[in-house]
Asker: 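Quick one: structure below, then a few questions.
Residue numbers count from 1 along this sequence.
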Amino acid sequence: PARATFYLTGVFHRKLGMLFAESFVRLGVKRAMVVHSDEGLDEISPAGNTHCWVVRDGEIEEKDISPESFGLPAYSLDLVMGGEPEENMRTFRDLLKGKQGPCLDYVVMNAAAALWVAGMAPDLKAAAVMAKKAISSGRAH
């Protein structure tokens, strides 16, 4: 369908990670990151380790990343959990205003991974700085 050359995708079960990564290799994807957190999230976790399958130049590298990989502190999942629609809307608006805290860092980590996968930053820490600047400057919306 889209024939994208860069992917950041999460899997709901760790056993699917390698399958997705191998599929990206077969599709000729330039770079991809498949993620699954130790807490069972299909995205990068703010609370601890996230296992990654990184596809680059036809090769797959498995590694673990954490909030520290982005230069950010870890947060309990209950600090970033959604709630009622009105609460989620307030949280989203606060994020767009650059309100500091667990929710912003959670979004920054996942945005940073996408920036890194796209080749826009040399590492996850630099990508996190870029993502945070884009959000706080208003460029992200």
Asker: Check side chain to side chain contact (heavy atoms under 4.5 Å, CB included) between Ala114 and all other residues, then give those that pass, not counting sequence neighbours.
Answerer: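 Side chain to side chain contact (heavy atoms under 4.5 Å, CB included) list for Ala114, sorted by chain: Leu8.
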Asker: Restricting to side chain to side chain contact (heavy atoms under 4.5 Å, CB included), what partner residues turn up for Leu19, sequence neighbours left out?
Answerer: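 For Leu19 the side chain to side chain contact (heavy atoms under 4.5 Å, CB included) partners, ignoring immediate neighbours, are Leu16.
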Asker: Among residues at least two apart in sequence or on other chains, which ones pass side chain to side chain donor-acceptor pair (under 3.5 Å) with Asp64?
Answerer: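 Expected list: His51.
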Asker: Using the rule that Ile, Leu, Val, Met, Phe, Trp and Tyr join whenever any side-chain heavy atoms are under 4.5 Å apart, tell me whether Val80 and Met109 fall into a single cluster.
Answerer: yes
Asker: With side chain to side chain contact (heavy atoms under 4.5 Å, CB included) as the criterion, how do Val54 and Ile60 come out once you've worked through the C-alpha distance, each side chain's angles and the decisive distance to 0.1 Å?
Answerer: CA-CA 5 Å; Val54 177; Ile60 300 170; over 6 Å; no
Asker: Which atom names give the shortest non-hydrogen contact between Ala126 and Ala121, and what distance separates them?
Answerer: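 Taking every non-hydrogen atom into account, C-CB, 4.2 Å.
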Asker: Return each pair, listed once, that meets ring-ring contact (aromatic ring centres under 6.0 Å, His included) where at least one residue sits in residues 69-107; pairs must be two or more places apart or across chains.
Answerer: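 Every pair satisfying ring-ring contact (aromatic ring centres under 6.0 Å, His included) with a residue in residues 69-107: there are none.
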Asker: Can you pull out every salt bridge (charged side-chain N to carboxylate O under 4.0 Å, His left out) where at least one residue sits in residues 23-52? Sequence neighbours excluded, please.
Answerer: none
Asker: Can you give me the closest heavy-atom contact between Ala113 and Met33, atom names plus distance?
Answerer: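 That closest heavy-atom pairing would be CB-SD, 4.2 Å.
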Asker: Who pairs with Ala74 by side chain to side chain contact (heavy atoms under 4.5 Å, CB included), at least two apart in sequence or on another chain?
Answerer: Pro67, Glu68
Asker: Any chance you could measure Ser69, atom OG, to Lys63, atom NZ, to the nearest 0.5 Å?
Answerer: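 So the OG of Ser69 and the NZ of Lys63 are separated by 7.5 Å.
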Asker: Run the side chain to side chain contact (heavy atoms under 4.5 Å, CB included) test against Val29 and tell me which residues pass, sequence neighbours left out.
Answerer: Tyr7, Phe24, Leu27, Ala32
Asker: Would you please name every residue forming a ring-ring contact (aromatic ring centres under 6.0 Å, His included) with Trp116, sequence neighbours left out?
Answerer: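 Result, ring-ring contact (aromatic ring centres under 6.0 Å, His included) vs Trp116: none returned.
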Asker: Tell me whether Val107 is reachable from Leu41 by hopping between hydrophobic residues (I, L, V, M, F, W, Y) whose side-chain heavy atoms are closer than 4.5 Å.
Answerer: yes
Asker: Minimum heavy-atom separation for Ala21 and Trp53, please, with both atom names.
Answerer: CB-CB, 3.8 Å
Asker: Side-chain heavy atoms under 4.5 angstrom apart, residues restricted to Ile, Leu, Val, Met, Phe, Trp, Tyr: same cluster for Leu96 and Met89?
Answerer: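 Leu96 does not cluster with Met89.
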Asker: Is Val117 linked to Val55 within one hydrophobic cluster, defined over Ile, Leu, Val, Met, Phe, Trp and Tyr using a side-chain heavy-atom separation of less than 4.5 Å?
Answerer: no
Asker: Are the side chains of Ile44 and Ile65 in touch, meaning some heavy atoms are under 4.5 Å apart?
Answerer: yes
Asker: Nearest 0.5 angstrom please: Cys52 SG to Leu124 CG, how far?
Answerer: 8.0 Å
Asker: As a quick check of understanding, evaluate side chain to side chain contact (heavy atoms under 4.5 Å, CB included) for Leu104 and Ile135, giving each step before the final call.
Answerer: CA-CA 9 Å; Leu104 178 64; Ile135 293 169; 3.8 Å; yes
Asker: Applying side-chain hydrogen bond (donor to acceptor under 3.5 Å, both in side chains) as the test, list every pair that has at least one member in residues 78-95; sequence neighbours left out.
Answerer: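 Residue pairs with at least one partner in residues 78-95: Ser76-Asp78.
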Asker: With the side chain counted from C-beta on, respond yes when Val11 and Val34 share a heavy-atom pair under 4.5 Å apart, and no when they do not.
Answerer: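 Counting from C-beta outward, Val11 and Val34 do come under 4.5 Å.
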Asker: Hey, does the side chain of Thr50 reach the backbone of Ser45 with a donor-acceptor pair shorter than 3.5 angstrom?
Answerer: yes
Asker: Under 4.5 Å between side-chain heavy atoms, chaining through other members, with only Ile, Leu, Val, Met, Phe, Trp and Tyr counted: pull out the rest of the cluster around Met120, sorted by chain and number.
Answerer: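 Cluster partners of Met120: Leu115, Met130.
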Asker: When clusters are formed by joining ILVMFWY residues with side-chain heavy atoms under 4.5 Å apart, either directly or through shared neighbours, do Val25 and Phe6 land in the same one?
Answerer: no
Asker: Suppose the criterion is salt bridge (charged side-chain N to carboxylate O under 4.0 Å, His left out): which pairs have a residue in residues 51-61, not counting sequence neighbours?
Answerer: Arg56-Glu61
Asker: Do any pairs count as a salt bridge (charged side-chain N to carboxylate O under 4.0 Å, His left out) and have a residue in residues 104-120, sequence neighbours left out, and if so which ones?
Answerer: Asp105-Lys132
